[in-house]
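These notes concern the structure reproduced below.
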Amino acid sequence: MYDHKTIEPKWQDRWAKARAAEVDLGRAADKYYMLMMFPYPSGDRLHVGHGRNYILGDALYRYLRQQGRRALNPMGWDAFGLPAENAAIKRGVHPQDWTLSNIAVMKEQFKKWGILYDWSKEVTSCLPDYYRWNQWIFLRMLESGHAYKKKAPVNWCPSCQTVLANEQVVDGASERCGTMVEQRDLEQWFYRITAFAERLLAGLDTLTGWPEKVKVMQRNWIGRSEGAEIDFRLPGIGESITVFTTRPDTIHGATFLVLAPEHPLAARLFAEHPDREALAAWVEQVRSTPRIEREGENSPKVGKDTGAVAINPATGEEIPVWLANYVLPDYGSGAIMAVPAHDTRDFLFARQENLPIRAVYRREDTPADTAEWTEALIGNGTVTGVDARFDGSPEGKPTIRAFIDWMAGEGWGRAKVTYRLRDWLISRQRYWGTPIPIVYCASCGLVPVPDSELPVRLPYDVEFTGREGNPLSRNADFVNTVCPRCGGPGRRETDTMDTFMDSSWYYLRYLSPKDGARIFDPELAARWAPVDQYIGGIEHAILHLLYARFLCRVLHDQGLVPFEEPFKNLFNQGMITRFSEASGRIEKMSKSRGNTVSPDELIAEMGADTERVYTLFLGPPEDEVEWSDEAVSGAYRFLNRLWRAFEALDNAPGTGVADAELERQRHIAIKRVTADLDRFKFNTAVAALMEFQNAITRALEEKSASRLVVGEAIDTLCQLLHPFAPHITEEIWSQRGHTESLLETEWPKWDEAKLVRDRIEVVVQVDGKLRDRFEIAADATETEAKAAALASDNVARHLEGRVLVKAVYVKGRLINLVTRPA
RNA sequence: GCGAAAGUGGCGGAAUUGGUAUACGCGCUAGACUUAGGAUCUAGUCCCGAGGAAUCGGGUUGGGGGUUCGAGUCCCCCCUUUCGCACCA
């Protein structure tokens with residue numbers, strides 16, 4: 001039996017001693033920068049579901065090493081965040097103590113997995129050495145106008161006790177805790193990511209090494225929309241309202257305006273209305289409605305007439321102005337022109353409220369449910385104003401362009417592009433994060449902390465009560481300070497930064513983690529970044545990966561990095577699922593669902609190599625796969641068979657008759673595993689290695705191959721298997737008498753000439769159906785193959801009563817005899 | 001509703017260009033070793049039928065049609081599942 005309990009720690013210690021993963025960034029001739037998502041200590045330890053990311057990465061790393069590439073493979077800790085703070089409240093542990101002890105545990109887990117990280121590049125985001133640079137970036141953003149504070153309706157999570165960015169709200173609920181968020185008007189810090197919308201969009205087209213799926217998600221999230229702004233005069237209050245539309249060509253059919261109830265002009269519009277108090281109350285009600293309820297699929301459209309009118313600039317007619325919940329305050333200008341004849345939502349609303357409908361086009365790709373109506377209305381004369389000039393251009397685009405030009409000439413409309421993307425809300429009302437470096441001074445106002453006073457340290461002594469409000473704001477020593485500008489009394493900002501800030505640039509800090517003078521070394525960044533290969537889960541598609549792309553552009557504009565895209569190639573590993581007793585369903589493996597498997601127990605029982613091989617064998621790495629407790633033993637048996645084959649080598653000399661065939665198998669294995677690893681097909685690479693191992697065992701049992709050839713086969717198997725099962729392969733390799741670590745050996749090469757056989761099996765089909773097979777010389781001609789096929793009894797039986805029409809010969813594979821009835 | 005990906009044994013899944021469907025593993029069955037085994041090893045295992053057996057015949061990649069000597073793979077229609085978007089003007 002393979003004694004993994006002794007062997008694995010032995011090799012882990014040796015690798016640690018040799019500091020096997022360390023790269024001298026200044027000297028390495030070759031450069032390849034790979035990265036895995038850095039762990040977030042939301043629990044106190046990692047489970048086998050997490051392992052997929054890191055085991056995959058380590059396998060890739062070891063493969064690259066054997067190919068002679070000394071890749072940079074660093075790891076760090078995304079250590080700030082709510083889970084630690086919540087744990088502090090729940091268990092009475094300080095978040096810092098909790099986090100740092102979790103890090104120690106996880107680091108030990110990585111070691112037990114046999115994962116080689118370059119720990120000389122380690123970063124920990126909750127330490128001032130790191131987070132001071134978050135503050136430094138904040139100050140640069142403030143200088144360039146990319147950071148600002150404003151009062152706005154924001155997402156408040158009552159469970160997390162803080163606001164959240166739009167990206168962190170999924171289906172109306174907090175992405176982290178699942179609680180429904182509320183809308184609150186609060187003054188908050190934002191990063192102006194919207195200013196980069198166009199560049200973020202354009203960059204996606206250059207990311208050929210990213211999964212299409214992630215790019216689509218980012219494009220949707222940015223939500224670029226081309227159209228026009230149109231001004232409508234409001235004669236009642238002497239103002240005008242600007243609407244955004246993608247269909248300015250339908251303006252002749254705009255029979256009313258609809259404003260979001262939150263629109264700044266709303267109150268003035270219904271100021272003279274007899275029911276103005278009821279209207280104001282309704283506006284308040286809409287404002288506090290959770291987004292999900294308001295924007296949900298079946299949410300009813302509710303609207304109120306303000307009593308005011310606007311002038312349609314194209315027709316000169318007075319049209320009513322309404323407020324309705326289906327118009328959103330933060331998209332476009334928060335106001336629309338309603339064209340019920342050509343827009344489904346406007347149509348439904350017009351019909352519900354008995355508002356006029358006027359068609360502009362007869363033939364058009366009008367929404368299906370309004371087209372019929374439009375036709376009917378035109379038919380009975382209810383609808384007027386079909387303009388022959390614009391009727392009948394289904395292409396739309398040239399007409400729209402012409403319209404915008406016309407409106408621009410008239411002076412009340414212009415081309416406009418809007419985005420769905422909102423600015424990134426970065427302030428959080430929580431303790432465990434980077435303090436925002438701002439001081440409020442009674443005489444100077446809002447004063448940034450100068451660079452020389454960074455870092456603004458997060459105080460350790462803070463009271464955790466779980467009560468509403470940031471514990472930082474109750475810490476007088478932190479809050480009370482002096483104004484950096486006038487020296488008078490000041491109060492510190494007590495909001496901390498979104499922890500996604502930490503992960504948005506960490507890949508650069510890895511390159512000079514101890515630099516006390518600079519955020520990172522720009523020369524090393526230019527040389528090593530962007531990251532060549534990033535491996536992480538799909539869940540970060542519009543969170544981390546969007547923020548990191550944004551921040552990369554900010555740093556680029558500061559002249560700190562020469563590139564705009566941080567990650568050249570992205571691989572999304574799928575998640576691992578397992579049956580959960582609690583829900584009775586198969587779900588993502590997670591601590592909260594209680595369906596995790598501990599790697600520590602698994603490693604104690606069957607070894608880290610077993611877990612690694614099984615994790616990679618489980619299924620295609622990009623797919624979601626279900627963990628099976630039973631199937632793990634298959635990987636364990638495989639490694640044990642390898643070990644027994646190695647042990648059997650000494651006392652089982654063979655005849656050598658199968659030497660050529662085993663040698664051929666060896667070359668096949670090299671070719672298959674190499675091709676599979678190059679395509680990230682780890683699961684089929686393992687399968688190929690199992691087949692090769694079976695061939696070796698067979699040769700040993702049959703005593704058909706010579707000791708030398710079997711020994712070489714085992715050596716090659718060790719080299720090929722090393723990325724998957726590093727410990728057992730190192731052990732066998734060294735016991736075989738090799739002195740170098742497998743990490744330093746050269747990845748084996750295959751010889752095409754060795755793959756061919758002199759005799760091959762050819763399949764005979766009659767009319768496409770398999771009837772027989774025979775062996776023939778590999779270079780046999782069609783005539784020879786046909787003769788051999790016809791010599792078969794079974795083939796003859798099927799040719800009976802039929803006439804041979806032709807034969808199709810695929811060299812080295814099959815011959816198909818085509819017949820017709822006699 | 002729109003967009004994308006996928007559907008193969010009891011299960012996870014293989015199958016570069018159209019060329020032996022079901023590799024590899026789990027599970028299952030039988031046997032060996034054993035005081036015992038939920039350990040280990042060996043053999044068998046897509047389904048149906050015939051045969052004592054080696055074998056032989058038929059069927060099979062969600063369903064239906066097509067192209068082709070030949071289709072899991074290409075084309076058309078339909079069904080299902082998963083993911084993304086969804087009152088975005």
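In what follows, chains carry the letters A, B, and so on, assigned in the order in which the sequence lines appear, proteins first and then strands, with residues in each chain numbered from 1.
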Q) Which residues, if any, of residues 812-819 of chain A bring a heavy atom under 4.0 Å of RNA chain B? A)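 Correct list: Arg813(A), Leu814(A), Asn816(A), Val818(A).
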Q: For RNA chain B, find the residues of residues 783-791 of chain A with a heavy-atom distance under 4.0 Å and give them by number; none if there aren't any.
A: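 Contacting residues: none.
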Pick out the pairs of N or O atoms, protein on one side and nucleotides 58-62 of chain B on the other, that lie under 3.5 Å.
residue	atom	partner	partner atom	Å
G58(B)	OP1	Arg771(A)	NH2	3.3
G58(B)	OP2	Arg771(A)	NH1	2.8
G59(B)	OP2	Lys769(A)	NZ	3.3

For the side chain of [X] and the backbone of [Y], is there at least one donor-acceptor N/O pair under 3.5 Å apart?
{"X": "Arg612(A)", "Y": "Pro723(A)", "value": "yes"}
{"X": "Gln218(A)", "Y": "Leu204(A)", "value": "no"}
{"X": "Asp609(A)", "Y": "Ile728(A)", "value": "yes"}

Using a heavy-atom cut-off of 4.0 Å across all strands, would you classify [X] as base, sugar-phosphate, or nothing?
{"X": "Val762(A)", "value": "nothing"}
{"X": "Arg773(A)", "value": "base"}
{"X": "Asn694(A)", "value": "sugar-phosphate"}
{"X": "Glu761(A)", "value": "base"}
{"X": "Ala687(A)", "value": "base"}

Should the pair [X]-[Y] be classified as a salt bridge under the 4.0 Å nitrogen-to-oxygen rule?
{"X": "Glu701(A)", "Y": "Arg698(A)", "result": "no"}
{"X": "Arg771(A)", "Y": "Asp793(A)", "result": "no"}
{"X": "Arg345(A)", "Y": "Asp343(A)", "result": "yes"}
{"X": "Glu775(A)", "Y": "Arg759(A)", "result": "yes"}

Q. If you look only at pairs with a residue in residues 799-814 of chain A, which of them pass as a side chain to side chain donor-acceptor pair (under 3.5 Å), with sequence neighbours excluded?
A.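 Residue pairs passing side chain to side chain donor-acceptor pair (under 3.5 Å), neighbours aside: Arg802(A)-Thr819(A).
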Q) With Trp627(A), which residues qualify under ring-ring contact (aromatic ring centres under 6.0 Å, His included), at least two apart? A)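 Once residues adjacent in sequence are excluded, the partners of Trp627(A) under the ring-ring contact (aromatic ring centres under 6.0 Å, His included) criterion are Tyr614(A).
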Q: Check ring-ring contact (aromatic ring centres under 6.0 Å, His included) between Phe638(A) and all other residues, then give those that pass, not counting sequence neighbours.
A: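 Result, ring-ring contact (aromatic ring centres under 6.0 Å, His included) vs Phe638(A): none returned.
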Q.
With rounding to the closest Å, how many angstrom separate the P atoms on C48(B) and C41(B)?
A.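 29 Å, rounded to whole Å.
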Q: Determine which bases of RNA chain B form Watson-Crick or G-U wobble pairs with both distances under 3.5 Å, and write the result as a 5' to 3' dot-bracket string with | for other-strand partners.
A: (((((((..(((......[....)))((((((.......))))))(((((....)))))..(((((..]....))))))))))))....
Counting only pairs under 3.5 Å, give me each side-chain donor-acceptor contact of residues 781-789 of chain A, with atom names and distances, residues two or more places apart or in other chains.
residue	atom	partner	partner atom	Å
Thr781(A)	OG1	Glu784(A)	N	3.3
Thr781(A)	OG1	Glu784(A)	OE1	3.4
Glu784(A)	OE1	Thr781(A)	N	2.8

Polar atom pairs (N or O), protein with nucleotides 47-50 of chain B, under 3.5 Å:
none

**Q.** Charged tip of Lys301(A) within 45° of Phe349(A) ring normal and under 6.0 Å
**A.**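 Negative - Lys301(A) is either too far from the ring of Phe349(A) or too far off its axis.
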Can you check the [X] [atom1] to [N] [atom2] distance for me, whole Å?
{"X": "Asp249(A)", "N": "A89(B)", "atom1": "CG", "atom2": "P", "answer": "14 Å"}
{"X": "Tyr326(A)", "N": "C88(B)", "atom1": "OH", "atom2": "C1'", "answer": "13 Å"}
{"X": "Arg224(A)", "N": "A89(B)", "atom1": "CZ", "atom2": "P", "answer": "12 Å"}

Q | Selection from C69(B), C41(B), A89(B) that lies nearest to any side-chain heavy atom of Arg641(A) | A |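 The listed nucleotide nearest to Arg641(A)'s side chain is C41(B).
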Between the protein and nucleotides 8-15 of chain B, list every N/O to N/O distance that falls short of 3.5 Å.
residue	atom	partner	partner atom	Å
G12(B)	O2'	Leu618(A)	O	2.9
A14(B)	OP1	Asn683(A)	ND2	3.2

Q. What pairs with Arg637(A) under salt bridge (charged side-chain N to carboxylate O under 4.0 Å, His left out), at least two apart in sequence or on another chain?
A.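 With sequence neighbours excluded, Arg637(A) shows a salt bridge (charged side-chain N to carboxylate O under 4.0 Å, His left out) to no residue whatsoever.
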Q: Mind checking side chain to side chain contact (heavy atoms under 4.5 Å, CB included) for Asn683(A) and listing every partner two or more places apart, or none if nothing turns up?
A: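 Scan of Asn683(A) (side chain to side chain contact (heavy atoms under 4.5 Å, CB included), adjacent residues dropped) gives Pro620(A), Pro621(A), Lys681(A).
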Q: Check whether more than 12 heavy atoms from other residues, nucleotides or ligands sit under 6.0 Å from atom CG of Asp629(A), and answer yes or no.
A: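 Buried by this count: over 12 neighbours within 6.0 Å.
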